[in-house]
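Order of the sequence lines fixes the chain letters, A, B, ..., with proteins taken first and strands second; residue numbering starts at 1 for each chain. Just so you know, these numbers use all the heavy atoms, side chains as well, and skip hydrogens, waters and symmetry mates.
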Amino acid sequence: MLLQRFLIRLLTMAITLFGVAVVVFIVIRVAPGDPIAMMLPPGATDADIARLRALYGLDKTIVQQFFIWLSGVVRGDFGTSISLRQDVLGLVFNRLPATLELASVALVMAVAIGGTMAILGARERGTAVEAGIDIASGAALSIPDFLWGLVLILLFGVLVPVFDISGRVSPQLDLPFATQFYLFESIVRLRFDLTRDLLAHMLMPAIALALPLAAIISQLLKQSLKEVLDLDYVVLARVKGFSETQVILREALKNAALPTLTLVGVQFTFLIGGTVIVERLFSYEGLGNMAIDAVINRDLPLIQGIVLVFALLFVLINLAVDMMYALLNPRLRHG
Amino acid sequence: MNAPAKPCLDIRNLSAVLPNGLRVLRSVSLAVEPGEVRALVGESGAGKTMIGKAVLGVLPPSVRIVEGNMLLEGEDLGRLAPKARRTLIGARTALIPQDPLTALNPSRRIGPQMTDRLVRILGWSGEKADARIRQLLDEVQIRDPERVLKCYPHELSGGMRQRVLIAAAFAAEPRLIVADEPTTALDVTVQKQILRLIAQLQREHGTAILFVTHDLGVVAKISQKVSVLYAGKVVEEADTAALFAAPQHPYTLALMAATPRYTDPFASLKPVDDKVLAGLAAEIAAADQAWRRPHG
Ligand SMILES: Nc1ncnc2c1ncn2[C@@H]1O[C@H](COP(=O)(O)OP(=O)(O)O)[C@@H](O)[C@H]1O
Ligand SMILES: [Mg+2]
């Protein structure tokens with residue numbers, strides 16, 4: 001029963017990824033712009049162009065190209081980047097950790113800020129505190145992440161320059177890292193000086209990414225909390241002598257979090273999508289930043305590789321959300 | 001009989017209003033003596049639950065108490081700071097709720113839901129609380145406490161859940177229990193068992209109970225005193241035996257006529273007749289008139 005559900009789930013994921021691969025493959029070949037023309041100097045002959053096209057397999061039909069690419073992907077070979085002339089998979093894995101760390105920090109921020117606002121707003125329901133939280137979250141929500149990025153750059157980069165607003169880490173630092181998970185490694189190696197530098201660089205792009213999600217969490221979780229706080233078992237807990245804060249944390253939060261959790265999963269995939277532009281704004285060397293270069297250069301294999309990795313991330317996040325949902329909901333766990 | 005012992009619960013002249021100014025409780029006075037069961041009977045919407053919630057400090061924010069006092073073993077609840085009031089209510093009272101299906105947290109196991117008051121409010125050790133809960137589960141005739149304590153609420157029937165809630169209510173030896181129609185949501189066959197169980201535990205533990213019900217049959221079985229509530233006003237109060245022997249208020253009489261009898265279960269139930277209703281309306285209007293004068 002459980003195994004069957006798991007297998008169906010795996011199959012759905014595979015089909016989703018295949019669909020994404022097909023669509024992206026076609027769209028980037030139909031869209032205007034020729035990667036070969038962009039590589040060559042102005043005086044190149046037609047013969048030069050034809051030779052290069054053949055080298056990258058672009059002389060074949062789209063269907064042929066697709067299956068050549070797909071048979072490579074199945075073997076773990078995503079091809080060679082046209083603009084960087086390196087293995088696509090290597091490039092992607094080199095940049096992915098930076099993006100994962102940024103998105104994770106943003107998610108933690110969003111949950112911490114949004115969760116606190118929701119709990120505070122629910123506890124102070126009907127008062128000016130709740131009204132203030134509603135206004136703040138409404139404002140945070142009506143401005144998209146990249147505009148928050150611009151606002152932050154103007155505020156803390158131009159007007160009161162207190163933070164580094166460019167890059168992932170200060171260039172003069174010696175980095176002892178073995179992997180690209182700098183933040184994670186700096187903590188494991190107890191190099192908190194580096195952790196601080198990394199977080200300082202991450203702070204503003206992470207806030208820009210986190211604010212809209214924090215606003216959504218604050219609104220939705222507060223609403224569910226307020227509904228749960230009228231239920232009989234919460235009334236019973238108050239009669240037992242528990243304070244409103246205890247009642248919210250012990251009785252209401254877990255049940256109220258379930259509807260929020262699903263939405264946060266979906267919104268987290270949007271947040272990862274948002275890294276593309278926000279990384280660019282802050283010159284943060286992640287996968288999103290590289291994706292923009294790849295599109296500008298019409299680097300077809302690199303675009304395909306990056307998109308497929310993003311799609312895989314989205315699918316895995318949805319899987320994780322479903323599993324957490326089942327874990328938190330005893331009725332699903334047993335039935 | 002002559003020593004003026006403090007009542008366990010003493011409600012004096014309690015009035016509460018809704019935001020639209022409507023009075024939902026109309027100068028309610030009632031007392032529950034230590035170890036005694038007082039029934040609070042009335043039709044649905046009369047304000048029975050509201051009185052229970054007022055005593056336990058869990059009125060909805062829209063309902064405002066505008067007059068009166070509530071004394072719990074002589075302590076005026078209205079004069080206490082919120083935290084002191086909460087702790088006092090947590091230590092000395094308990095609630096047996098109306099609907100056992102919604103009164104347990106669906107995502108917490110039964111065990112911790114039963115012991116949390118003992119451990120976290122009353123400061124008992126985990127072992128002591130655990131032993132106490134097992135003893136109470138035995139008293140409510142749950143034969144496999146081990147399994148029940150590990151269950152989530154949805155794994156138990158309504159009757160089992162109500163037993164669990166009754167056990168939890170008595171576990172901390174409260175002085176006063178508010179039982180809000182504790183059998184209404186249950187199957188008819190289970191209703192009798194649960195009622196018998198509450199009566200038995202009440203006798204053994206000597207706990208005072210404010211027993212809310214709309215059913216005079218239940219009043220006769222469980223209570224020594226009774227208050228009849230109509231539209232938030234106590235219209236008659238008496239010893240239970242005296243009330244059934246000689247009801248004084250026409251509304252009480254009408255309620256009795258509307259209650260099915262085991263001797264004649266197929267007799268058609270009489271609704272409260274128009275003359276009685278008109279009398280009640282006049283009585284309520286006069287009470288509100290008298291109340292408005294000093295209160296503007
Ligand atoms: N949360 C609330 N806000 C406003 N009015 C309420 C609320 N709950 C109940 N009432 C009203 O108060 C009156 C008394 O309700 P209640 O105490 O639940 O009656 P009972 O328990 O006797 O059936 C009813 O008229 C009901 O409509
Ligand atoms: Mg009621």
Heavy-atom pair count under 4.5 Å with chain A, highest-scoring of B:D99, B:V178, B:D116: B:D116

Looking only at heavy atoms, the pair that brings B:P100 and B:L186 closest together is CG-CD2, 3.8 Å

Compare every heavy atom of B:I133 with every heavy atom of B:T115, then report the nearest pair and how far apart it is. CG2-CG1, 3.5 Å

Please state whether the side chain, the backbone, both or neither of A:R125 comes within less than 4.5 Å of a heavy atom of chain B. neither

Between B:L104 and chain A, which part of the residue has a heavy atom less than 4.5 Å away: side chain, backbone, both or neither? backbone

Give, as side chain, backbone, both or neither, the part of B:L122 having an atom under 4.5 angstrom from any heavy atom of chain A. neither

Check: A:Q219/A:S137 side-chain N/O donor and acceptor closer than 3.5 Å: yes

Distance-only donor-acceptor check, side chains B:E139 and B:Q135, under 3.5 Å: yes

So A:F310 and A:L287, do their side chains get closer than 4.5 Å, heavy atoms only? yes

If you count heavy-atom pairs under 4.5 Å between each of A:V235, A:N255, A:L236, A:V228 and chain B, which one has the most? A:N255

